[in-house]
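Lettering of chains follows the sequences in order, A, B, ..., and the numbering in each one begins at 1.
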Protein chains: 2
Amino acid sequence: MDERSLLLLGILMVQSQHGYQINEFIEKNLGRVTDMKKSTAYATLDRLCEAGDVYMHAEQEGNRPFRKVYSITQRGTTHFFELLRFNLAKADKMNFSSDIGMMFLDHLPYEEFFPLLNERLVKLHKQIELFESTPPHGYGLGVDLAMEHHLVHLKADYHWLASVISRLQATQAK
Amino acid sequence: MDERSLLLLGILMVQSQHGYQINEFIEKNLGRVTDMKKSTAYATLDRLCEAGDVYMHAEQEGNRPFRKVYSITQRGTTHFFELLRFNLAKADKMNFSSDIGMMFLDHLPYEEFFPLLNERLVKLHKQIELFESTPPHGYGLGVDLAMEHHLVHLKADYHWLASVISRLQATQAK
DNA sequence: TATAACATGTAACAAGTTACATGATTTC
DNA sequence: GAAATCATGTAACTTGTTACATGTTATA
């Protein structure tokens with residue numbers, strides 16, 4: 001919703017782009033930061049257009065498929081800064097869907113939940129490796145910080161889970 | 001969706017309860033773990049009923065408003081364990097809406113973003129304090145672990161943000 | 001000549017939220 | 001007698017996803 005708009009407006013703050021281009025940029029570079037899908041982006045761009053935050057004009061080079069090029073308007077720029085300020089001052093509400101399962105851990109015997117948690121630990125480890133093997137984009141300080149933020153939480157999650165597993169193991173050993 | 005069902009089934013694994021009771025339990029004790037709203041719970045209970053995971057019977061004590069008491073069925077129990085195993089083995093996909101804003105930090109001058117990030121830091125601090133001032137529930141190992149998990153991420157977020165602020169300050173000072 | 005990449009969308013669906021509606025009973 | 005608590009919902013809306021539809025051009 002608001003974050004989707006902020007994302008699109010922010011991308012258009014750099015330069016005018018057409019929808020496909022925007023979607024590609026998101027897919028290739030921001031897959032970790034957002035999960036917005038293409039059709040959502042197209043629809044949101046439409047909404048921003050209607051709201052006057054963004055201005056669209058069609059372009060066509062030769063016989064290539066036509067494109068809708070979006071540019072941010074003055075109004076959109078103002079809106080962007082509003083959304084940005086709000087977003088930066090806001091503390092994320094974090095809720096982790098895995099906490100739901102965690103709460104009911106007690107219903108499974110050790111032999112059951114131990115391999116399950118280990119499976120999760122391995123998945124987290126792979127995500128971290130993937131992250132660390134990817135070089136920084138160089139799209140600017142902000143983007144790098146966002147990536148760093150993500151990594152911090154991945155690692156926190158990993159270490160916590162590892163500690164849970166070893167504590168549970170210790171309890172079991174008694 | 002699946003987590004909502006898991007949550008409700010898990011609550012009913014302990015004992016049969018009526019909707020209001022379930023909602024109250026969630027509101028009072030699990031507000032940190034889930035953001036499910038009352039009407040969603042009622043609707044989900046209906047769906048679980050239709051699916052045969054849960055069995056409903058109406059009760060009325062004297063003249064008090066009637067209640068729908070839900071009990072988990074054999075099928076529901078099986079389903080609960082399926083959902084639980086899947087949930088425990090799963091790594092959360094984490095995306096933080098605040099990362100969107102972070103990415104565009106560069107668009108604001110230091111004098112602007114510094115107080116905004118500080119405002120966020122204060123909010124995080126308050127959340128952590130609130131968390132730590134609340135005694136553990138004693139609803140079991142799993143619930144305590146889920147709370148601990150939440151706190152771990154809050155603290156990771158806090159420390160990261162503090163480090164970002166001091167690094168940005170250092171850059172600025174040059 | 002097939003298929004990947006370019007470029008846009010729509011329609012149907014699913015999930016969840018908000019705000020409202022209802023009505024009894026206990027408490028102040 | 002008013003307000004809070006008990007107990008349930010429904011209808012309208014928002015948001016987002018999935019899967020499909022369309023047609024061109026470069027590449028293998």
Side-chain angles (χ1 to χ4, degrees), chain A residues 1-9 11-12 16-31 33-51 53-71 83 87 93 95 97 100, chain B residues 1-9 11-12 16-28 30-31 33-51 53-54 56-71 83 87 93 95 97 100:
Chain A
M1 38 142 95
D2 269 1
E3 284 82 29
R4 315 288 188 182
S5 299
L6 177 57
L7 176 60
L8 293 171
L9 291 174
I11 288 172
L12 292 175
S16 301
Q17 292 182 61
H18 61 271
Y20 191 83
Q21 211 175 351
I22 293 171
N23 273 316
E24 234 190 8
F25 178 77
I26 293 171
E27 207 171 57
K28 288 194 181 154
N29 304 300
L30 309 180
V33 181
T34 183
D35 55 356
M36 183 169 54
K37 299 297 184 294
K38 290 177 188 182
S39 34
T40 309
Y42 281 121
T44 307
L45 283 168
D46 279 352
R47 267 201 291 113
L48 288 171
C49 233
E50 265 179 64
D53 284 339
V54 145
Y55 157 83
M56 184 273 285
H57 72 110
E59 251 185 30
Q60 188 156 24
E61 286 172 17
N63 245 350
R64 312 238 47 218
F66 89 105
R67 336 157 138 168
K68 291 183 169 182
V69 178
Y70 298 94
S71 319
L83 291 174
N87 185 284
K93 43 172 137 102
N95 46 42
S97 66
I100 306 288
Chain B
M1 38 141 89
D2 269 2
E3 284 83 28
R4 316 287 189 183
S5 298
L6 177 56
L7 176 60
L8 293 170
L9 291 174
I11 288 173
L12 293 175
S16 301
Q17 293 182 61
H18 62 271
Y20 191 84
Q21 209 175 353
I22 293 172
N23 273 317
E24 234 190 8
F25 179 77
I26 292 173
E27 207 171 58
K28 287 194 182 153
L30 308 181
V33 181
T34 183
D35 55 357
M36 184 169 55
K37 299 297 183 296
K38 290 177 186 180
S39 33
T40 308
Y42 282 121
T44 307
L45 283 169
D46 279 352
R47 267 200 291 113
L48 288 171
C49 234
E50 266 179 63
D53 284 340
V54 145
M56 186 273 285
H57 72 111
E59 251 184 32
Q60 187 156 24
E61 286 173 18
N63 244 351
R64 313 241 48 221
F66 89 104
R67 337 158 136 167
K68 293 184 167 180
V69 178
Y70 298 95
S71 319
L83 291 174
N87 185 285
K93 46 171 135 101
N95 48 41
S97 66
I100 305 290

All salt bridge (Lys or Arg N to Asp or Glu O under 4.0 Å) counterparts of A:Glu24, not counting sequence neighbours:
A:Lys28
Between D:dT17, D:dT10, D:dT18, which nucleotide has the shortest distance from any of its atoms to the side chain of A:Ser39?
D:dT18
Got a sec, which residues hit salt bridge (Lys or Arg N to Asp or Glu O under 4.0 Å) with A:Lys38, two or more places apart in sequence or on another chain?
A:Glu27
In whole angstroms, how far is the C1' atom of C:dT8 from the CG atom of A:Asn23?
10 Å
Can you list everything that forms a ring-ring contact (aromatic ring centres under 6.0 Å, His included) with B:Phe25? Sequence neighbours excluded, please.
B:Tyr139
List the residues meeting side-chain hydrogen bond (donor to acceptor under 3.5 Å, both in side chains) with A:Ser97, not counting sequence neighbours, and say none if there are none.
B:Lys90, B:Asp92
In this structure, how many angstroms lie between the C1' atom of C:dT17 and the CG atom of A:Asp2, rounded?
15 Å
Rounded to the Å, how far apart are A:Phe25 CZ and C:dA7 C1'?
19 Å
B:Glu3 has an atom CD; how far is it from atom P of C:dA14, in whole Å?
18 Å
Taking 4.0 Å as the cut-off, does a side-chain nitrogen or oxygen of A:Lys37 come that near to OP1 or OP2 on D:dT17?
yes
Between P on C:dT10 and NZ on A:Lys38, what's the gap in Å once rounded to a whole number?
17 Å
Find the distance A:Arg47:CZ to D:dT14:C1' and express it as a whole number of Å.
9 Å
Looking at residues at least two apart in the chain, or sitting in another chain, which of them share a salt bridge (Lys or Arg N to Asp or Glu O under 4.0 Å) with B:Asp2?
none
May I have the distance from B:Lys93 (atom NZ) to D:dG16 (atom C1'), rounded to whole angstrom?
12 Å
Measure all distances between protein nitrogen or oxygen atoms and nitrogen or oxygen atoms of nucleotides 4-7 of chain D, and list the pairs falling under 3.5 Å.
| unit_1 | atom_1 | unit_2 | atom_2 | d |
| --- | --- | --- | --- | --- |
| D:dC6 | OP2 | B:Tyr20 | OH | 2.9 |
| D:dC6 | OP2 | B:Glu24 | OE2 | 3.1 |
| D:dA7 | OP1 | B:Arg67 | NE | 3.0 |
| D:dA7 | OP1 | B:Arg67 | NH2 | 2.7 |
| D:dA7 | OP2 | B:His18 | NE2 | 3.4 |

side-chain contact (heavy atoms from CB on, under 4.5 Å) partner of B:Val54, chosen from B:Asp46, B:Thr44, B:Leu48
B:Leu48
For a side-chain contact (heavy atoms from CB on, under 4.5 Å) with A:Gln17, tell me which candidate from A:Ile11, A:Leu8, A:Asn23 qualifies.
A:Ile11
Using whole Å, what does the distance between atom P of nucleotide C:dA7 and atom NE2 of A:His57 come to?
14 Å
Determine the contact category for A:Asp35: base if any of its heavy atoms lies under 4.0 Å from a base atom, sugar-phosphate if only primed atoms, P, OP1 or OP2 are that close, otherwise nothing.
sugar-phosphate
